[in-house]
2 protein chains.
Amino acid sequence: MLERMARAATTSDVFNAIAEPQRREILVLLRSGERPVTELARELGMTQPGASKHLRVLREVGLVRDRQAGRQRLYDLDARGLRPVHEWAGGFERFWNESFDRLDAYVQDLKQEKEEGR
Amino acid sequence: MLERMARAATTSDVFNAIAEPQRREILVLLRSGERPVTELARELGMTQPGASKHLRVLREVGLVRDRQAGRQRLYDLDARGLRPVHEWAGGFERFWNESFDRLDAYVQDLKQEKEEGR
DNA sequence: CGAGCATATTCCGATATCGGCATACGTCAA
DNA sequence: TTGACGTATGCCGATATCGGAATATGCTCG
């Protein structure tokens, strides 16, 4: 069934789902509690259909849950899917610290040269 | 100049750059040291042009550095750009733990019921 | 300089993305 | 039931993505 894909479907994994800035903003907003679509749209300055579409993606990768509350549909955060992202990036911690050390050493060198210079 | 964009350019931010699985694999490989393009391609089972293209993206967002070494171009990890990703995801730690707690509580409940049942 | 290896770029096709707009669906309340 | 509100879906245009294949560029050594 699969013809060649142009890019991993945004709907198929968390890394793709959070590649879109507005979706990250939605997730951040949801940390302070569940919300109906319209309110999210308003808070983020997007249209209602826009918000709905992003929420659909987030739901499909399991980052949000929804429940019906009267006429409204409340969306709620389910952050468990972000753990793999955190862990994956964390696997590089040693390396960005290393880079920092190098940078730090470099800055130290510059300072020293300057002081020795005058 | 900017006509409407279909998606944030993959080349413009780290979140998009790491949305592609093969690029994540490249980064992981580079943790064990710098490598020429061909070796990366071989190790990941991709074509040379394919590897080059992914490396270009990674370079443009600053996740890798390259240096010329004879005929080869060696690519090296610069993981500093992954720190924001780690931190962003880390901002949800409290929430996935919460979810875990809930799940845990639920499992406990099930156990208890079972024990009380017999 | 010219051969040859290493890498980058270009062009292509198929597909996916995102935003906007119109509209369908769903639920409640009178 | 009908109306009104809240939300989802469908379609469109512009653009970007990815992989493959061919080809261009770069660098080194004889």
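Owing to the predicted nature of the structure, the values given are computational and were not obtained by experimental measurement. Below, chain A is the first sequence line, B the second, and so on; all start at residue 1.
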* To do: Taking the side chain as every heavy atom from C-beta outward, state whether L63(A) and D78(A) have any pair of such atoms under 4.5 Å apart.
  => no

Rounded to whole Å, CG of D66(A) lies from P of dC25(C) at a distance of 19 Å

- Taking OP1 and OP2 of dA8(D), is either one under 4.0 Å from a side-chain nitrogen or oxygen of Y75(A)? yes

Testing dG19(D), dA6(C), dG19(C) for proximity to the side chain of T38(B), the answer is dA6(C)

CZ (R23(B)) and CG (L44(B)) are apart, to the nearest 0.5 Å, by 13.0 Å

Could you run down the sub-3.5 Å N/O contacts of the protein with nucleotides 21-23 of chain C?
none

- Message: Taking the six-membered ring of F95(B) as reference, does the cationic atom of R31(A) (NZ for Lys, CZ for Arg) lie under 6.0 Å from its centre and within 45° of its axis?
- Response: no

note: I26(A), atom CD1; dT7(D), atom C1'; distance rounded to Å ~ 14 Å

Rounded to whole Å, CD of Q22(A) lies from C1' of dC18(C) at a distance of 9 Å

- prompt: So, Q72(A) side chain and L74(A) main chain: donor-acceptor pair closer than 3.5 Å or not?
  reply: no

Does R65(B) come within less than 4.0 Å of D76(B), counting only side-chain N to carboxylate O? no

When rounded to the nearest 0.5 Å, the distance separating NE2 of H54(A) from CG of L40(A) is 11.5 Å

Closer than 4.0 angstrom, basic N to acidic O: yes or no for R83(A) and E93(B)? no

The reported gap from CZ in R56(B) to OH in Y75(B) (rounded to nearest 0.5 angstrom) is 9.5 Å

V37(B) has its side chain closest, among dA6(C), dA8(C), dA8(D), to dA8(C)

Practice task
Would you please test V64(A) and L30(A) for side chain to side chain contact (heavy atoms under 4.5 Å, CB included) and show each step?
Solution key: CA-CA 9 Å; V64(A) 302; L30(A) 288 179; 3.6 Å; yes

Whole-Å distance, H54(B) NE2 to dC18(D) C1', equals 7 Å

Per-nt protein contacts along nucleotides 25-30 of chain D (heavy atom under 4.0 Å; B base, S backbone sugar-phosphate only, - none) come out as --SBS-

Rounded to whole Å, CG of D13(B) lies from P of dC18(C) at a distance of 13 Å

